[in-house]
Amino acid sequence: MNELMEILSPILGDELAKDIIAHRRGKKCPLTPRGAKALLREYQATGNPINAAEEHLNRGWQGFKAEWVMKGKGFHDPHNPMPRQETREEYLARAIQKNQDDWEGNSRAHQVRQLMAQAVKQ
C-alpha cells in the first residue's frame with residue numbers, strides 16, 4: 001500500500017488516494033503499481049485529476065477512462081456516437097430555421113409570394 005500511496009498521493013492527496021485504493025479493494029480488484037500509474041494518467045487526461053478521481057468514486061466504477069467523463073464536454077467518439085444534448089433555445093432556433101427553409105423551398109409558398117407581390121403593386 002505504501003508504494004501505491006507514493007504513486008497516487010502527490011497528485012491526489014493522501015485522503016483521496018486512500019479512498020481510491022480502498023474502493024478498488026472493495027471491488028475485489030486490488031490496485032497494482034502499474035494500474036495506479038495508468039489510472040493516474042487517465043485522471044490527468046481530464047485536466048483535473050482530483051475531480052476525475054472523485055467522479056470515479058462517485059460512480060462506483062472499477063476502472064476509469066478520461067473519455068467517459070469528457071463525453072459531456074463536446075467529446076465525440078466515432079465508434080460510439082453519443083448525440084449532443086440541445087438546449088431548449090437551440091432546439092427552438094433549429095425548428096424555426098427548418099420551418100423557414102421548408103417554407104422557402106415550398107412551391108406553394110412561391111405562388112403565395114408572387115400573389116402577394118402582385119397585390120401590393122395594385
Visitor: Could you tell me how the ring of Trp61 sits relative to the ring of Phe64: parallel (under 30°), tilted (30 to 60°) or perpendicular (over 60°)?
Guide: tilted
Visitor: Could you work out, with salt bridge (charged side-chain N to carboxylate O under 4.0 Å, His left out) as the rule, every residue matching Arg59, not counting sequence neighbours?
Guide: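 Counting only residues at least two positions away or on another chain, Arg59 forms a salt bridge (charged side-chain N to carboxylate O under 4.0 Å, His left out) with Glu55.
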Visitor: Look at the side chain of Lys18 and the backbone N and O of Ser9, then say whether any donor-acceptor pair between them is shorter than 3.5 Å.
Guide: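 No, Lys18 side chain to Ser9 backbone: no donor-acceptor pair under 3.5 Å.
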Visitor: Run the salt bridge (charged side-chain N to carboxylate O under 4.0 Å, His left out) test against Arg41 and tell me which residues pass, sequence neighbours left out.
Guide: none
Visitor: Report the distance from atom CZ of Arg24 to atom OG1 of Thr32, rounding to the nearest 0.5 Å.
Guide: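 Arg24 atom CZ to Thr32 atom OG1 measures 7.5 Å (nearest 0.5 Å).
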Visitor: For Gln62 versus Cys29, what's the shortest heavy-atom pair and its separation?
Guide: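 In terms of heavy atoms, the two residues are closest at NE2-SG, 3.2 Å.
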Visitor: In this structure, which one of Asp14, Asp19, Leu31 forms a side-chain contact (heavy atoms from CB on, under 4.5 Å) with Leu8?
Guide: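 The side-chain contact (heavy atoms from CB on, under 4.5 Å) with Leu8 is passed solely by Leu31 among Asp14, Asp19, Leu31.
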Visitor: Which value, rounded to the nearest 0.5 Å, describes the distance between Leu40 atom CG and Ile7 atom CD1?
Guide: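 Here the interatomic distance stands at 8.5 Å.
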Visitor: Nearest 0.5 Å, please: how far is CD1 in Ile96 from CZ in Arg94?
Guide: 11.5 Å
Visitor: Under 3.5 Å, side chain of Glu42 to main-chain N/O of Ala66, donor-acceptor pair present?
Guide: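 Here the side-chain-to-backbone pair exists.
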Visitor: Please name all residues satisfying side chain to side chain donor-acceptor pair (under 3.5 Å) with Gln97, sequence neighbours left out, ordered by chain then number.
Guide: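 If we apply the side chain to side chain donor-acceptor pair (under 3.5 Å) test to Gln97, skipping adjacent residues, the hits are Asp101.
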Visitor: First locate atom CE of Met5, then atom CG of Leu12, and finally report the distance between them rounded to the nearest 0.5 Å.
Guide: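 So the CE of Met5 and the CG of Leu12 are separated by 9.5 Å.
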Visitor: Under a 4.5 Å cut-off applied to non-hydrogen side-chain atoms, are Ile11 and Tyr43 in contact?
Guide: no
Visitor: Search all heavy atoms of Ala53 against all heavy atoms of Leu16 and return the closest pair with its distance.
Guide: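 Looking at all heavy atoms of both residues, the closest pair is CB-CD2, 3.7 Å.
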Visitor: Which heavy atom in Ala36 sits nearest to a heavy atom in Leu4, and how many Å separate them?
Guide: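 In this case the closest contact between Ala36 and Leu4 is CB-CD2, 3.8 Å.
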Visitor: Hey, are the side chains of Asn51 and Thr46 touching, using non-hydrogen atoms and a 4.5 Å cut-off?
Guide: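 No; the side chains remain at least 4.5 Å from each other.
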